[in-house]
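Below you'll find the structure, written out as structure tokens, and then a few comments.
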Amino acid sequence: CESNPIGNPNCVSSRVQQIVQVDNFAITTQPQNRAICAAQATSFNVTADGTNISYQWQVNSGSGWVNISNNTTYSGANLATLSISNASLSMNSYQYRCVLTNGLVNGIPATSTSNIASLTVLSSSSGNNLTITNAINSTNTIIQAGQTITATNSITGASRVEYLAGNAVLLNPGFVVTAASGSSFQ
């Protein structure tokens, strides 16, 4: 039977092929860079079209990528939105990405990894007020402060910057926007 299983009526094949249906999916919104003051909160978001998608956020603090678990700093480690609470100065320049998975193909996960987004954590003398003097030359940045943002910096290249403040965004003399489109001050 083993030498000629095909065509031998006394042999039954035990070979089974498993077929798994995997929905196609694509990342439609990538996480964006964030800049906040120490002790503030922020979030990173990724969206994808498709169904049955699972999410795993990862962080690179300078030693390589590791999976994030929910704790007092992070929530939503396995959701489309990763929330960060009470960011510390030591988290400055951390990088984040999300690995999306949708089923198995021949026992291998069908995955897609988002773009990398960076977290900038700035110190502030009053905690709610923020003065920005450095030039911004990255694709998308959101800068937040509880009360006031005072900006003497420049926005260059293809940057899109959102300044979000509770009370005011003050643009001091010397503030320059060159080739930036879509920047907003709220």
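Side-chain atoms are counted along with the backbone in the values below, which use heavy atoms only and exclude waters and symmetry mates. Sequence positions, counted from 1, serve as the residue numbers for this chain. These figures come from a predicted structure and were not determined experimentally.
Through direct or relayed side-chain contacts under 4.5 Å between Ile, Leu, Val, Met, Phe, Trp and Tyr, Ile116 connects to Trp65.
Listed by first and then second residue, the ring pair (Phe, Tyr, Trp, His ring centres under 6.0 Å) pairs that reach into residues 31-62 are Phe44-Tyr96, sequence neighbours excluded.
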| task | I would like to know whether Thr73 and Met91 meet side chain to side chain contact (heavy atoms under 4.5 Å, CB included); could you show each step before the answer? | result | CA-CA 11 Å; Thr73 303; Met91 296 171 70; 3.9 Å; yes

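Remark: Thr28 pairs with Thr47 by the side chain to side chain donor-acceptor pair (under 3.5 Å) rule, at least two apart or across chains. Remark: Thr81 pairs with Ser43, Asn45, Ser83 by the side-chain contact (heavy atoms from CB on, under 4.5 Å) rule, at least two apart or across chains. Remark: Asn78 engages Gln56 in a side-chain contact (heavy atoms from CB on, under 4.5 Å) (not counting sequence neighbours). For Asn92, the side-chain contact (heavy atoms from CB on, under 4.5 Å) partners at least two apart in sequence or on another chain are Thr120, Val121.
Under the 4.5 Å side-chain heavy-atom criterion for ILVMFWY residues, no single connected hydrophobic cluster contains both Val99 and Val66. Put simply, Ile68 and Ile27 are part of the same group of oily side chains (I, L, V, M, F, W, Y) that touch within less than 4.5 Å, one to the next.
Among all heavy-atom pairs drawn from Gln32 and Gln30, the shortest one is NE2-O, 2.9 Å. Minimum interatomic distance between Ser85 and Ala41 (heavy atoms only, all atoms of both residues): CA-CB, 4.2 Å. In this structure, Ala87 and Ile84 approach most closely via the heavy-atom pair CB-CG2, 4.2 Å.
When side chains are defined from C-beta on, Thr113 does not count as touching Leu100, because their heavy atoms never get closer than 4.5 Å. Residues Thr29 and Val46 have side chains not in contact (no heavy-atom distance under 4.5 Å, counting atoms from C-beta outward). Thr101 places none of its side-chain heavy atoms less than 4.5 Å from the side chain of Ile53.
Side-chain atoms of Ser61 and Ser63 include no donor-acceptor pair closer than 3.5 Å.
Listed for the Asn102 side chain is no donor-acceptor partner under 3.5 Å among the backbone atoms of Ala110. Judged by distance alone, the side chain of Asn70 and the main-chain N or O of Gly76 form a donor-acceptor pair under 3.5 Å. Using modelled atom types, no side-chain atom of Asn67 and backbone atom of Gln58 make a donor-acceptor pair closer than 3.5 Å.
A distance of 5.0 Å separates CG in Leu119 from CD1 in Ile36, rounded to the nearest 0.5 Å. From Thr72, atom OG1 reaches atom CG of Asn86 across 8.0 Å, with rounding to the nearest 0.5 Å.
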